[in-house]
Structure formats: structure tokens, C-alpha cells
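Step one of this worksheet: look at the structure below.
Residues: numbered from 1 along the sequence shown. Ligands are counted one by one from 1 in listed order, and the atoms in each one are counted from 1 as well.
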Amino acid sequence: MQLAPDLLARLAGREPVLVLAGAGLSAASGVPTFRAAQTGLWAKFRPEELATAEAYQRDPKTVWQWYVWRRELIQKAQPNAAHHALTTWQKQRPVTIVTQNVDGLQARAGGDAIEFHGNIERNLCFDEHRVLTDDDIIAGEPPTCRHCNAYARPGVVWFGEAIPEYALLQANQAAEQCHTVVSVGTSSLVYPANALVETALRAGAAFVEINPEQTPVSSLADYRLAAGAEEVLPRLIEALGFNE
Ligand code: OAD
């Protein structure tokens, strides 16, 4: 994999960059992606049975247990070289990171990420949607909200739900204003996250894709870096001289 000199020259400048991250960013941390043929979460489970509000109402115990399993897996995971490289980059240049990942690993690597699909660690009240602290919760499977007795639910965006307004606003603004958009570790299949690349391209940005596999937007990429994020991002940051 070659890092083109004109790509490095572009990123050496101080113009704003948008990084749109997906599950592939955390793959090297041992967090399963969604759509890998054998190991992806959606190869083993049906999203409509686990990741919708209707599924939770239908079978709260199964859905809650699935999230407990994923939370435990994520708590044991550590940020990898790709998360650390993004944090380093962000310290040197105006880089907005929009992550579809709910694992919080970018924040644990010291980075600042717009969590487009929420955060799995957080609990919300199912009825009132407000954030619940541990003191607001009565233990159970699933736990319930102490104030209104509704179920607690994980603070992630389920299929059919809207992206948190603030995250959508900030992400769209970053897409409209960026000079380069870097898509890393996402299949680009899920709307509206995938539309951020189109927004950036319409506004004149260059497009870099970091992904070992082709995606529906690969043909639009000005630069395709076809390898793992944990390999590409540290090399990129080193070539730019940002880790001194
Ligand atoms: P996917 O599982 O759809 O795609 C993961 C992408 O990462 C694939 O294109 C892989 O080729 C790529 N990949 C795998 N290993 C990689 C590595 N080491 N480095 C770089 N890329 C790698 O995951 P997302 O695109 O994140 O939504 O999925 C988008 C959304 O769909 C998720 O946020 C989730 C899911 O349903 C919600 O939970 C709302």
C-alpha cells in the first residue's frame, strides 16, 4: 500500500478533515463488525430481533441480555493503533471524527468523537428517553427507571430511530466544511451516516477510503487505502510527521 505524495501534501495542510468511522476501526480491538460474512454480528443475529424498539417491547429479556453480552465484550476491549493514531492526528490538525461505533473506544483513546449512533454504556429511559444514572435504575433483567417504572434501554440508535439531533447537526456541518473526508472501516450501507460522504463530495472535498474490502462508494474515492485501519492510520500519521 502506497501513500501518494499528493495525499500527504493535502493532509499536511491545515484545512479541516472529516473522519467517518465504522466497525472496522474497532475490529483490531476484537469488537466484531456487523456485516462480515462469518463473524459479523448480523451474520449470527437478526437486527430486527435485537436492534429495534419493537424487538425490545416484544422480548425485553433477550434484547437486554444481548446488550449485556456486548457491553462486557467492549469493556474488556482496548483501543487499538488506529484509535490512537486518530487521537494523535486530532491533536495536530482540525479533524472531526464522526463514529458510528457505540463502543466508546475513540474516547478511551483520548479522542473527541461525535457518537452518531450513541454509546452502548449509557442507559436511557425507554419512555422518556432521558439519560439514567446508576441511581436512577432499579436492577432487573431488564432494569427499570426508578422514576416512571419504564424499562431502561441502551443508549444506542436502533433501526428506525433518528440520529441524535446535535450529532446530526455537527456531523453535517463538518461534512459541508471539510477539505478531505476520510471513510474508515465502514461498509457505507447505513443511512444517514453514509450520506455524509456525499455531502462532503458535493461541497468539493477529496475522498479517502480506508478499507480492505470494496464498498458501494469505493469507486468515488480519490485515494483508496486497501488495508486495515490499524495498519494504515499509524503509517499515515507517521508519514505526516504528526507523532513527534
Ligand atoms: P459493517 O460491519 O457494516 O462494516 C464494517 C466494514 O469494516 C466493512 O466494510 C469491512 O470491510 C471493514 N473492515 C473490517 N476490518 C477492518 C479493518 N481492520 N480496518 C478497516 N476496515 C475494516 O459496519 P458499519 O459500517 O460500522 O448501526 O455498520 C454501520 C452500522 O450498521 C453500525 O453502526 C450499526 C450497524 O447496524 C447501529 O447500530 C445503528
message = With a 6.0 Å cut-off (strictly less than), is the heavy-atom count around CG of Asp134, excluding the residue itself, greater than 12?
response = no

query = Should Ala23 be counted as touching ligand 1, given the test is an N or O pair under 3.5 Å?
reply = yes

message = Does any part of the side chain of Thr180, heavy atoms only, come nearer than 4.5 Å to the side chain of Glu15, both counted from C-beta?
response = no

query = Can you check whether Phe159 has an N/O within less than 3.5 Å of an N/O in ligand 1?
reply = no

inquiry  = Counting only nitrogen or oxygen atoms and a 3.5 angstrom limit, does Gly22 reach ligand 1?
reply    = no

key: N or O contact, Ser188 vs ligand 1, cut-off under 3.5 Å   = no

query = Under 3.5 Å, is there a donor-acceptor pair between the side chain of Asn101 and the main chain of Gly22?
reply = yes

task = Return a yes/no value for Gly228: is any of its N or O atoms, backbone included, closer than 3.5 angstrom to an N or O of ligand 1?
result = no

Atom indices of ligand 1, in the order listed, that fall short of 4.0 Å to a heavy atom of Trp42 = 35 (C), 36 (O)

ask   = Does Arg93 use its side chain to pair, donor to acceptor, with the backbone of Gly13 at less than 3.5 Å?
value = yes

message = When you compare ligand 1 with Thr215, is there at least one nitrogen or oxygen pair between them that comes in under 3.5 angstrom?
response = no

message = Could you tell me if the side chain of Leu168 sits less than 4.5 Å from the side chain of Phe116, heavy atoms only?
response = yes

ask   = Among protein heavy atoms, which sits nearest to atom 29 (C) of ligand 1, and what does the distance come to when rounded to 0.1 Å?
value = Gln100 OE1, 3.3 Å

message = Looking only at side-chain N and O atoms, does Thr99 offer a donor or acceptor that is under 3.5 Å from a partner on Glu115?
response = no

